[in-house]
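Note that this is a predicted model, so its numbers are computed, not measured.
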Amino acid sequence: MIKMILDIDGMSCGMCESHINDTIRRQFAVKKVCSSHTKGKTEIIAEKPLDAEKLRKAVRETGYEVLNIKTEAYVKTGLFGGIKICQRKKENF
């Protein structure tokens, strides 16, 4: 699995995020896509790397600009992989 992080210029609200997410879902085989207008980033999880130029073109046609694309390996964690479990200290009564 691959995680692609796109730096995107031009997103200013939740609708911008939706436009980008919908465009990527329609045009590419992805497992997950999530955008943040406050961070200016879109994260994509896919089985294999997506074509960077096609991604840039799809986002540009939506009205935004991809500034940078970073690709890294994605390791899927278990159901509770990201949750920290708190343990209480037992007290004697």
Side-chain angles (χ1 to χ4, degrees):
M1 298 275 280
I2 296 295
K3 179 178 182 179
M4 298 182 77
I5 303 165
L6 286 62
D7 293 327
I8 298 180
D9 185 41
M11 288 192 291
S12 61
C13 65
M15 274 314 267
C16 298
E17 297 169 0
S18 294
H19 288 147
I20 289 174
N21 293 345
D22 291 344
T23 296
I24 291 171
R25 282 187 196 106
R26 278 194 308 267
Q27 296 186 28
F28 301 94
V30 298
K31 294 288 185 183
K32 182 178 179 184
V33 59
C34 180
S35 296
S36 169
H37 72 278
T38 56
K39 294 178 183 178
K41 294 191 182 295
T42 295
E43 292 186 3
I44 301 168
I45 307 296
E47 290 289 334
K48 57 185 179 179
L50 306 177
D51 185 298
E53 286 310 309
K54 288 181 182 179
L55 265 175
R56 288 179 192 276
K57 182 180 178 196
V59 172
R60 190 178 314 115
E61 289 174 352
T62 309
Y64 309 95
E65 195 66 35
V66 175
L67 303 175
N68 186 39
I69 299 175
K70 179 181 171 187
T71 303
E72 58 189 47
Y74 175 76
V75 179
K76 185 177 179 179
T77 56
L79 179 62
F80 300 106
I83 298 174
K84 289 186 178 181
I85 299 173
C86 297
Q87 294 181 344
R88 287 189 184 177
K89 187 177 181 181
K90 290 186 179 181
E91 296 181 23
N92 293 329
F93 290 99

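Under the side-chain hydrogen bond (donor to acceptor under 3.5 Å, both in side chains) criterion, H19 pairs with no residue, sequence neighbours left out. Under the side-chain hydrogen bond (donor to acceptor under 3.5 Å, both in side chains) criterion, S36 pairs with T38, not counting sequence neighbours.
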Stepwise side-chain contact (heavy atoms from CB on, under 4.5 Å) test for E65 and R60: CA-CA 5 Å; E65 195 66 35; R60 190 178 314 115; 3.7 Å; yes
Check step by step if side-chain contact (heavy atoms from CB on, under 4.5 Å) holds for I69 and R56. CA-CA 9 Å; I69 299 175; R56 288 179 192 276; 4.1 Å; yes
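Once rounded to the nearest 0.5 Å, the distance linking OG of S12 with OH of Y64 reads 6.5 Å. The NE2 atom of H37 sits 13.0 Å away from atom CE of M15, with the distance rounded to the nearest 0.5 Å.
Heavy atoms only, all atoms of each residue included: L50 and A29 are closest at CD2-O, 4.1 Å. Of all the heavy atoms in N21 and C34, the pair that sits closest is OD1-C, 3.9 Å. What you find for A58 and Q27 is that their closest heavy atoms are CB-OE1, 3.3 Å. For G10 against C16, the heavy-atom pair with the smallest separation is O-SG, 4.4 Å. Contact detail for Y74 and I2: the closest heavy-atom pair is CB-C, 3.9 Å. When all heavy atoms are compared, the tightest approach of A46 to V30 is CB-CA, 4.4 Å.
No side-chain heavy atom of V66 sits less than 4.5 Å from a side-chain heavy atom of D7. Contact check for M1 versus E47: side-chain heavy atoms found under the 4.5 Å cut-off. With contacts defined as side-chain heavy-atom distances shorter than 4.5 Å, the pair L67/I8 does not qualify. Counting heavy atoms from C-beta on, the side chains of I20 and M11 come closer than 4.5 Å. Taking the side chain as every heavy atom from C-beta outward, K57 and E53 never approach each other to under 4.5 Å. The closest side-chain heavy-atom distance from I5 to K3 is below 4.5 Å.
Residue pairs meeting the salt bridge (charged side-chain N to carboxylate O under 4.0 Å, His left out) criterion with at least one member in residues 19-29, sequence neighbours excluded, are D22-R25.
In the hydrophobic cluster analysis, where Ile, Leu, Val, Met, Phe, Trp and Tyr join through side-chain heavy atoms closer than 4.5 angstrom, I45 is grouped apart from I24.
A salt bridge does not link K41 to E43: none of the charged side-chain nitrogens sits closer than 4.0 Å to a carboxylate oxygen.
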